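A short worksheet on the structure shown next.
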Protein chains: 2
Amino acid sequence: MTDIPAKRKLTIEDVARQAGVSISTVSRVMNNTDYIADATRRKVQDAIDALDYRPNALARGLKQMKTDSIGLILSDLQNPFWLMVLEGIEDACQEAGYSLLILNSRDDPEKEGKNIKEFLMRQLDGIIINPASEDNPLFAALAAEAFPLVFLNRRVKGVEVDTVVADNFKGTMLAVSHLAALGKNRIAIFLYPANGISPRQERLEGYKQALAAHGLETDPALIKIVETKEDCLAAMKQLLSGSGKPDAILSTNNRLTLEILDALGTLNIAVPQDIALLGYDETEWSKHLNPPLTTIRQPAYEMGREAAERLILAIAAKRRGETMQPVTVQLEPTLVIRESCGEILQ
Amino acid sequence: MTDIPAKRKLTIEDVARQAGVSISTVSRVMNNTDYIADATRRKVQDAIDALDYRPNALARGLKQMKTDSIGLILSDLQNPFWLMVLEGIEDACQEAGYSLLILNSRDDPEKEGKNIKEFLMRQLDGIIINPASEDNPLFAALAAEAFPLVFLNRRVKGVEVDTVVADNFKGTMLAVSHLAALGKNRIAIFLYPANGISPRQERLEGYKQALAAHGLETDPALIKIVETKEDCLAAMKQLLSGSGKPDAILSTNNRLTLEILDALGTLNIAVPQDIALLGYDETEWSKHLNPPLTTIRQPAYEMGREAAERLILAIAAKRRGETMQPVTVQLEPTLVIRESCGEILQ
DNA sequence: GTGATTTCTGAAAACGTTTTCAGAAGCTTT
DNA sequence: AAAGCTTCTGAAAACGTTTTCAGAAATCAC
C-alpha cells in the first residue's frame with residue numbers, strides 16, 4: 001500500500017485562472033454559445049488543452065436538465081439477435097451525439113423496474129426497452145408524463161408508446177408456408193413459455209393461420225411449450241413415440257433451436273432426412289450448423305436503428321415543448337433458405 | 001402533436017413540504033445517516049412513497065463526489081466470450097451495489113479514447129477495460145493518479161494496473177499437446193492480425209514451445225495470419241496445395257473457427273477425417289457444430305467476476321485514502337474434448 | 001435544579017457547471 | 001458629441017442534493 005497523493009480534480013475555475021478569465025467565459029468557449037473574442041477563445045482553449053480539463057458531466061447535466069444520453073434495457077443479452085439490434089442502436093446514437101447506457105433485466109420484471117428507476121434517477125433523456133413485463137405500472141406512469149420511451153420487439157397493450165417490432169405473425173407464416181411447399185404436413189412448433197408477452201402469441205397465431213391456409217389442421221399435440229433442455233428432450237420423445245409423428249419442426253428461438261438439435265441428436269433422428277427443422281432468428285452460426293439451418297431472419301439492425309432514431313426524435317420534440325403521437329413501426333422478416341428442411345439446392 | 005403539460009420534476013423540497021420537515025431531514029432519512037426520530041422517519045417515508053419521489057443522481061453524485069457506478073469498455077461485443085465475461089461482471093457489481101455502464105470500443109483506439117473520456121466526465125468511480133490499444137497515453141495518466149482501473153484479457157506493458165487475464169500460453173500448449181497426443185505432427189495455427197496486443201503473441205509462443213516439447217519443429221508456413229473470410233480461404237488453399245499439408249488446425253478465435261470451417265467446406269475437406277480442428281473459446285454452439293468442436297475453454301465468467309471484484313476493492317481503498325499495489329491475476333484455461341480432432345469417444 | 005449528554009432538527013454552505021443580468025468597450029450613426 | 005448598436009466579459013443566481021454547524025429539546029447524572 002503506497003500512498004499516491006490523490007490529485008484534486010480539475011474544475012472550470014482552474015481553467016479560468018490559468019487563462020486569466022472568468023469561469024463564465026470558459027463555459028462560453030466550451031459550449032460556444034455567445035460572442036467570444038478570438039484572442040480570448042484561443043487563451044481559454046490553450047488552458048483547457050494544457051491542463052487536459054474535462055468538464056464534470058454531473059454538474060453540467062444538473063444545470064442543463066439533460067444528459068444527452070439514453071438508456072437501453074435488454075432482457076437477454078445472451079441472444080445474438082440482440083447484439084445486432086444493439087449495433088443499430090449504437091450507430092444511431094453516435095450519429096446524433098448521444099451516448100448509450102445499457103442495463104440487463106434478464107427478463108426479470110423486478111430487475112426491469114430497478115433498471116428503469118436507475119435510469120430515471122440518472123436523468124437520462126430517454127429509454128429504449130425490451131419489456132420483460134406487461135403490467136409494469138411504471139410504463140403507464142412514464143407514458144402519462146410524456147417521458148421519451150420506445151418499446152422494442154414487444155408490444156405492451158394498454159400503453160400508448162412508440163413501439164418497434166418485427167412482424168411475428170408473418171414470420172411463422174413464412175416458415176409454415178415454406179415447409180408446406182416442401183410437402184410437410186405434420187408441422188410441430190416449439191416455444192418457450194409465455195410470460196404474457198406478445199411475440200409468442202403472434203408467432204403461434206401465424207403458425208395456426210398458415211396451417212389453415214394450406215389446408216392443414218392444427219393438432220394441439222404438435223404445439224410444444226418447453227422451458228428447459230430436459231423439457232425439450234421429453235417433449236421430443238413424446239412427439240416421436242406417438243402415431244402421428246411430425247415431419248417438420250419449427251423452433252421459435254435460437255437457443256431453443258440448439259436444444260432441439262441436441263434432443264434430435266440423442267434420439268438419433270437425422271435432419272433433414274428424418275425430420276425438417278426451421279429456426280427463428282438468423283445468427284452467425286446458423287449456416288455452420290449441421291445441416292446449415294433454414295431460418296426466419298428478423299431485421300435486427302434496422303429495428304435497433306429505428307428505435308433509437310424514433311427516441312431521439314421524441315427527445316428533441318419534448319425539448320421544443322411538443323409531444324409526438326406514439327407510433328408503432330413493424331418491420332418485415334424474411335426467409336433464409338438453407339438445407340435443414342430438405343431443400344434441394346443446386 | 002398533442003400537448004401534455006410536462007409535470008415539473010419532483011425535488012427533495014416537495015417531499016420536505018409534504019412531510020412538514022426540512023430538506024436536511026429528508027436527506028437524512030433517505031441516506032439514513034444521523035439520528036432521526038421514528039415518527040419523523042415515518043412521515044418522511046410516507047411522503048416519499050406518496051409522491052413516488054426519486055432523488056436526482058446527478059445532484060447527489062455532484063455533492064458526494066462519487067456515483068457508485070463503474071464503466072466497462074469492451075472491444076468486441078459480438079464475441080460470445082464477452083457475454084460470459086459480462087455476466088460475471090454484472091453479478092459482482094450487483095452484489096456490491098454498483099451499477100454498470102457499458103460502452104463498445106469496437107477495437108478502435110480512437111473510439112476507446114472517447115469512451116474513457118466519456119466515463120471520466122461522468123465521474124464514474126472506476127473502469128474495466130479490454131484495451132484496444134497499447135500505447136494510449138490515457139492509461140498512464142490514469143494509473144499515475146491512481147484512478148481505479150482494471151485491464152481485462154489483455155496486458156498493457158509499461159503500465160502498472162490491475163490486470164485479469166487467462167493464461168494464453170497454456171491455452172495453446174494444451175491444444176498442441178492434445179493434437180500431438182492424437183498423433184498429429186503438422187499442426188497449423190490460424191490467427192487474426194495482431195494490433196500489438198498480447199494474447200496473440202502469447203498464444204503463438206505457447207504453440208511454438210508445445211511443438212518443441214513434442215519434438216516437432218515449427219514451420220513458418222503453418223502459421224497463418226488472416227484478416228477476412230477471403231484471406232482465410234486463400235490461406236487454406238495455399239496450405240493444402242503444397243507438399244507439407246497440415247494434419248491439424250488450431251484456431252485462436254471463435255469467429256475465425258467458423259470461417260475456417262467454411263473454407264474447409266468449400267474445399268471439400270472433411271473434419272476430422274481429413275484434418276483435425278481445434279477451436280479457442282467455448283461457446284454455446286461449440287458442441288452443435290459438425291462435428292462437435294474440441295475447444296480451449298477460458299473461464300470467462302470468473303474473469304469478469306474477478307475483474308469487477310478487484311475494481312470494487314480498489315475503489316473502496318481509494319475512498320479510505322489508500323492505494324493498492326496493482327496485481328495481475330491469471331486464470332487457467334481447460335481443454336474441452338469433443339470430436340473435431342478425431343478423438344475416439346465411447 | 002443544575003449541568004452534561006444524547007437525540008433530534010433546520011439554515012446555510014458547499015459540489016461544478018450554465019445562464020441570466022448587467023455593464024464595459026468599441027463601432028456606427030445621427 | 002451624443003446616442004444606439006454590436007461585441008465582449010464578469011458577478012451572481014440557479015440546478016438538487018449532502019453535509020457542516022449550531023442549536024433546541026429531551027434524557028440522564030448528580
Side-chain angles (χ1 to χ4, degrees), chain A residues 6-45 47-48 51-69 117-118 120-125 319, chain B residues 6-45 47-48 51-69 117-118 120-125 319:
Chain A
K7 245 195 305 188
R8 198 181 53 78
K9 261 178 193 148
L10 285 172
T11 75
I12 197 173
E13 210 178 333
D14 300 307
V15 179
R17 192 173 317 114
Q18 166 104 359
V21 298
S22 76
I23 62 168
S24 343
T25 302
V26 177
S27 172
R28 277 189 274 251
V29 169
M30 290 192 302
N31 303 31
N32 68 354
T33 154
D34 270 333
Y35 301 109
I36 290 284
D38 271 358
T40 318
R41 158 163 287 125
R42 218 169 12 249
K43 267 195 304 187
V44 171
Q45 196 55 59
I48 290 177
L51 297 175
D52 191 27
Y53 164 75
R54 270 180 295 278
N56 181 326
L58 300 181
R60 182 186 285 221
L62 176 59
K63 178 64 192 176
Q64 296 199 132
M65 310 257 238
K66 63 167 192 170
T67 52
D68 286 328
S69 41
K117 287 179 184 164
E118 173 78 31
L120 291 177
M121 295 202 341
R122 276 179 197 281
Q123 314 297 114
L124 296 198
D125 297 336
R319 288 198 186 142
Chain B
K7 243 194 307 187
R8 198 181 53 77
K9 260 178 195 150
L10 286 173
T11 75
I12 197 173
E13 209 176 334
D14 299 307
V15 179
R17 192 172 317 113
Q18 166 104 359
V21 298
S22 76
I23 61 169
S24 343
T25 302
V26 176
S27 172
R28 277 189 273 251
V29 169
M30 290 192 303
N31 303 32
N32 67 355
T33 154
D34 270 334
Y35 301 109
I36 290 283
D38 271 358
T40 316
R41 158 163 287 125
R42 220 171 9 250
K43 267 195 305 187
V44 172
Q45 195 56 57
I48 290 177
L51 297 175
D52 192 25
Y53 165 74
R54 270 180 295 278
N56 181 325
L58 300 180
R60 183 187 285 222
L62 176 59
K63 178 63 191 174
Q64 296 198 131
M65 310 257 238
K66 63 165 192 171
T67 52
D68 286 328
S69 40
K117 286 178 185 164
E118 174 78 32
L120 290 177
M121 296 201 341
R122 276 178 198 281
Q123 313 297 114
L124 296 197
D125 297 336
R319 287 199 186 141

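Protein chains get the first letters and strands the later ones, always in sequence-line order, with residue 1 at the start of each. Treat the numbers as computed from the prediction; the structure is a model and nothing was measured.
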Base, sugar-phosphate, or nothing for B:S27, non-hydrogen atoms under 4.0 angstrom?
base
At under 4.0 Å between heavy atoms, what does B:S24 touch on the DNA or RNA strands: base, sugar-phosphate, or nothing?
base
Locate the shortest heavy-atom distance separating B:L124 from B:T67; write the atom from each residue and the value.
CA-OG1, 3.5 Å
Measure across A:G61 and B:L58 and return the closest heavy-atom pair with its distance rounded to 0.1 Å.
C-CD1, 3.6 Å
Pull out every residue in residues 29-39 of chain A that has a heavy atom closer than 4.0 Å to any atom of DNA chain C, ordered by number, or say none.
A:M30, A:N31
DNA chain C contacts among residues 15-22 of chain B, heavy-atom distance under 4.0 Å:
B:V21, B:S22
Measure from [atom1] on [X] to [atom2] on [N] and round the result to the nearest Å.
X: B:K66; N: C:dA14; atom1: NZ; atom2: P; result: 21 Å
X: A:I23; N: C:dT18; atom1: CD1; atom2: C1'; result: 9 Å
X: B:R42; N: C:dC8; atom1: CZ; atom2: P; result: 12 Å
X: B:M121; N: C:dT17; atom1: CE; atom2: P; result: 10 Å
X: B:M65; N: D:dG16; atom1: CE; atom2: P; result: 20 Å
X: B:Q123; N: D:dT17; atom1: CD; atom2: P; result: 18 Å
X: A:N56; N: C:dA14; atom1: CG; atom2: P; result: 18 Å
X: A:K9; N: C:dT17; atom1: NZ; atom2: C1'; result: 15 Å

Proximity to the side chain of [X] - top-ranked nucleotide from [options]:
X: B:Q64; options: D:dT19, D:dT17, D:dT9; result: D:dT19
X: A:P55; options: C:dT17, D:dC8, D:dT17; result: C:dT17
X: A:L62; options: D:dA14, D:dG16, C:dT9; result: D:dG16

Quick one: does [X]'s side chain get under 4.5 Å of [Y]'s, heavy atoms only?
X: A:S27; Y: A:I12; answer: yes
X: A:Q123; Y: B:N56; answer: yes
X: B:M30; Y: B:Y53; answer: yes

Establish, from distance only, whether the side-chain atoms of A:R122 and B:S69 form a donor-acceptor pair under 3.5 Å.
yes
Indicate whether the side chain of B:T25 and that of B:S22 have a donor and an acceptor atom separated by less than 3.5 Å.
yes
Got a sec, which residues hit side chain to side chain contact (heavy atoms under 4.5 Å, CB included) with B:K66, two or more places apart in sequence or on another chain?
B:Q64, B:D68, B:D125, B:R319
Of B:R28 and A:L58, the one whose closest nucleotide on DNA chain C sits nearer the 5' end is B:R28
